[in-house]
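Keep in mind that the numbers below use all heavy atoms, side chains included, and drop hydrogens, waters and symmetry copies.
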Amino acid sequence: MRLPCPLCGDRDRREFYYQGAAVALDRPAPGADADAWDAYLHLRDNPAGETRDLWYHEAGCGAWIVVTRNTLTHEVLGAELVEGVPA
């Protein structure tokens, strides 16, 4: 699989470290209750189809990117820098 790094262009997936679903970026507020933190830490969907994943370009520019891909077709639909991802 090749991933489109916004800074380096298309690269082999082995240059990247997979962190998980991009929902990790939706961290609860510091004063959130225990239920909000429990949901953030332990409840994850496992969708078939389009997903947004967090990847680190470990063997490249060192950027964190969100990759949109389809888990059914293995098609990579795009990528954006984490800084550019709307909160």
Side-chain angles (χ1 to χ4, degrees):
M1 178 167 69
R2 297 191 60 82
L3 297 177
C5 176
L7 301 176
C8 303
D10 281 352
R11 297 286 193 244
D12 189 275
R13 165 256 152 291
R14 291 173 290 189
E15 288 188 17
F16 296 84
Y17 173 78
Y18 175 75
Q19 181 63 32
V23 297
L25 298 173
D26 301 330
R27 203 176 157 95
D33 64 9
D35 288 339
W37 281 101
D38 181 57
Y40 172 74
L41 293 171
H42 304 290
L43 301 179
R44 296 281 190 261
D45 291 331
N46 189 14
E50 192 172 305
T51 64
R52 297 178 74 234
D53 303 319
L54 188 58
W55 294 77
Y56 176 63
H57 197 175
E58 184 175 39
C61 63
W64 283 96
I65 63 174
V66 173
V67 175
T68 304
R69 63 189 183 95
N70 188 311
T71 60
L72 296 175
T73 65
H74 303 289
E75 179 184 11
V76 175
L77 304 169
E80 56 190 322
L81 292 172
V82 167
E83 301 147 359
V85 176

Minimum side-chain heavy-atom gap [X]-[Y] below 4.5 Å:
X   : Y   : answer
N46 : T71 : no
R11 : L3  : no
H57 : I65 : no
D12 : R2  : yes
Y56 : E15 : no

* Asked: Which atom pair, heavy atoms only, marks the closest approach of C61 to C5?
  -> SG-SG, 3.6 Å

* How are the rings of Y18 and W55 set to each other: parallel, tilted or perpendicular (split at 30° and 60°)? -> perpendicular

Euclidean distance, [Y] [atom2] relative to [X] [atom1], rounded to 0.5 Å:
X   : Y   : atom1 : atom2 : value
L54 : F16 : CG    : CZ    : 12.0 Å
R69 : L77 : CZ    : CG    : 10.0 Å
E50 : T73 : CD    : OG1   : 9.5 Å

* Under the 3.5 angstrom rule, does the side chain of D45 hit a backbone N or O of P47 as a donor-acceptor pair? ->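 Not a single qualifying donor-acceptor pair exists.
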
* Path from L25 to W37 over hydrophobic side-chain contacts below 4.5 Å -> no

* Asked: Distance under 6.0 Å and angle within 45° of the ring axis: does R44 meet both against Y40?
  ->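 Yes, R44 lies over the aromatic ring of Y40.
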
* To do: Evaluate side chain to side chain contact (heavy atoms under 4.5 Å, CB included) for D53 paired with V66, printing each intermediate quantity in order.
  => CA-CA 5 Å; D53 303 319; V66 173; over 6 Å; no

